[in-house]
There are 2 protein chains.
Amino acid sequence: MKAKKEITIYDIAKKLKYSPSTISRALNDHTSISKKTIRAIKKTAKEMGYHPNSLAASLRNNRSKTLGIMISRINRPFISSLISGIEEHARKSGYNVIISQSNDKYENEVVNAQTLYNSRISGLIVSLSMETRKVDHLKQFMDQGIPIVFVDRVPDELNIHKVIIDNYAAGYKATQHLIEQGCSRIAHFAGAQHRNVYRERKKGYIDALKDYNIPVDNDLIIRFKSLSFEEGEKATRKLLDLPGPPDGIFSANDTTAVSAILHAKKRGVKIPEELAVIGFNDDPIASIVEPGLSTITHPAIKMGQICAQRILQHAREDQDHAVSEITVLPTELLIRDSSNRKGI
Amino acid sequence: MKAKKEITIYDIAKKLKYSPSTISRALNDHTSISKKTIRAIKKTAKEMGYHPNSLAASLRNNRSKTLGIMISRINRPFISSLISGIEEHARKSGYNVIISQSNDKYENEVVNAQTLYNSRISGLIVSLSMETRKVDHLKQFMDQGIPIVFVDRVPDELNIHKVIIDNYAAGYKATQHLIEQGCSRIAHFAGAQHRNVYRERKKGYIDALKDYNIPVDNDLIIRFKSLSFEEGEKATRKLLDLPGPPDGIFSANDTTAVSAILHAKKRGVKIPEELAVIGFNDDPIASIVEPGLSTITHPAIKMGQICAQRILQHAREDQDHAVSEITVLPTELLIRDSSNRKGI
DNA sequence: ATATTTTATGCAATCGGTTGCATGTTTTTG
DNA sequence: CAAAAACATGCAACCGATTGCATAAAATAT
């Protein structure tokens, strides 16, 4: 099973007695080639079974029509929706999408950055790993004028492009909602505090408490390593065992919020009457758990589309790294039964 | 912000007074270059900030170290886990992964195949769109000796590589389980019958009924278009309105199974006593719904890893398309409360 | 009819590695 | 010590498309 030789523009040129340049230009609808010639060349190309070699074009242009994506893990609802949005938009614009998972390890992120760089991607979309604290490994892209858009988990740097949600406002909203439902001892499941998203959510939580004159009790703020289901159960147990257990929980993700609901129910704690719970993300499980989990919704797919759009825009123009562009997408408070004490 | 010129092997060659060939070989640990030279060259390369240009290498080799993936949609638990497995394995082996979504449209699949082909991928992993009925658009890969591995939703052709689960056995197991729990009127939520996975699951269902001398009632077999939550609710309503409603449901996915549970509960139908339900896939929602959804588990991540492994193996050897290789992975019956009448 | 534009096409260098073959050098062997 | 073998490196063609510059041909203006 030998691979037949591929047809190249040279083969077409020979057959049609044109030069390779003309073939190349014709196939790219270059204006300096007459319509008639273009038509004829395209027809012949098709007949001969010509498949353009993107590698050659990319090499020549020193840029492949490809976007790189760096994320922690693909198989999470938010991330996979984000990627779906990116891929869809990129493909429509004729770009391929390469994905790379860091598994939340800084080390992997560095290696992946290297590989993507070597592939001469035209743009990079990054959501940082949990561990990442510095972004030197991405400097090479900026140096080469390869646009980077950070999304969701972004660095604190200023002169960069970001697509994010207002985590602070969302955290505030969620907490405020619990307060309005009559909660006065509100716990918070917090993520790693060097990651903007978790830090901001917590800030929003704290400021809401302060604004409503509710004392901030550090015993009620649980620092999570990975916001996993197991961690959530453990934390809930600990909280409910407290002499003064909380009457509300604002969790930085849905997974741990759901684990809290399930654990509380198991102990006979009534939700939302004795414990109101609100999560973050609106994962599929949020609508399935009973009572339904109130949560903060992300426009994940749209975020992806915007990332792709931004990056392509920058990739085309000779972008200006001096100006940063921050897109903040709206979140919504989605009230289900896990926090609805007043029957709204 | 101008892009600095990239360092090439020619620059290194000039600096070290070696020929580019030697540099190239040294960087690739070619045996004909002395250890000492290799060490010196690599050191200098690093110092100079050399970044290999994979495009150039790929062009020369007429193959980029990249795997293509064609799937319906990324943001589904099974698919994203599958991709995660592929990506992980591929990356370890030094391959990039390009993904393309068909959104279950044949037309998109054809276009995507073209784009991937033009990128000169080294191998292709495909799970067919819901619509796809012929695979001519993939012939070009085979003609060029580019290995293809089909996964999960595979064509019926014989001489191809497949990584699948035994859908028939799983369907049989699931149905048998319901029968053993005392169900005698078992409904089936079936997917599109030209897709192997759904056809096989249904076959297993029917054969199990037959083996246990239970009549096959066509009114209890619902043909779904997309196995969505809404479709599931509608179907459940219809079934429960029947003069002789079912006492068990085997659904070809978890989404519709969960929708059945929720709808049945709303109507006061007791699960599993009056209606036992079993799904397929073990999506996260399966463990959250109450009662917990019994289901068939897929080793999704592992399937991905095996796909990557197979494809890389074929990409390296000059593969032999004459022989097909079919890997069938085990599924497991995971019994939760939605079907557990006897309290096992 | 000649000069000037406009239009259509070709030439040849280039992008950055890779590799078969040739050559020069060193080591081993008889 | 010469011949053979092993080792180390270089030459130059090649992968396939792109593009600035040059040029030929056709159309328009004078």
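Each chain gets a letter, A, B and so on, in the order the sequences are listed, and its residues count up from 1.
- Looking at Ile69(B) and Ile98(B), their side chains never come closer than 4.5 Å, going by heavy atoms from C-beta outward.
- Computed from coordinates, the Asp29(B) CG to dT18(C) C1' distance equals 15 Å when rounded to whole Å.
- The backbone N or O of Leu55(A) lies less than 3.5 Å from a partner atom in the side chain of Asn53(A), making a donor-acceptor pair.
- Distance, Lys36(B) NZ to dC7(D) C1': 13 Å, rounded to whole Å.
- One can place NZ of Lys35(B) at 17 Å from P of dA6(D), the figure rounded to the nearest angstrom.
- In this pair, Tyr106(B) and His137(B) present their aromatic rings perpendicular. The plane angle is above 60°, beyond the 30 to 60° band.
- Residues Arg91(B) and Val97(B) form no side-chain contact, since every pair of their non-hydrogen atoms from C-beta on lies 4.5 Å or further apart.
- Terminal axes of the helix from dA1(C)-dT30(D) to dG30(C)-dC1(D) (five pairs each, C1' rotation axis) are separated by 40°, to the nearest 10°.
- For the residue pair Arg133(A)/His194(A), the side-chain donor-acceptor check at 3.5 Å is satisfied.
- Using a 4.5 Å cut-off on side-chain heavy atoms (C-beta onward), Met70(A) and Leu116(A) make contact.
- In this structure a side-chain-to-backbone donor-acceptor pair under 3.5 Å is missing from Ser24(B) to Pro20(B).
- At whole-Å resolution of the value, CD1 in Ile12(B) and P in dT18(C) are 11 Å apart.
- Nucleotide dA8(C) holds its C1' atom 15 Å from the CZ atom of Arg39(A), rounded to whole Å.
- Ion pairing between a basic and an acidic side chain is recognised when a charged N comes within 4.0 Å of a carboxylate O; Lys162(B) and Asp156(B) show no such pairing.
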Inset, instruction - Would you mind building the protein contact string for nucleotides 9-17 of chain C? One character per nucleotide, 5' to 3', B for base within reach (heavy atoms under 4.0 Å), S for sugar-phosphate only, - for untouched. - result: BBBBBBBBB
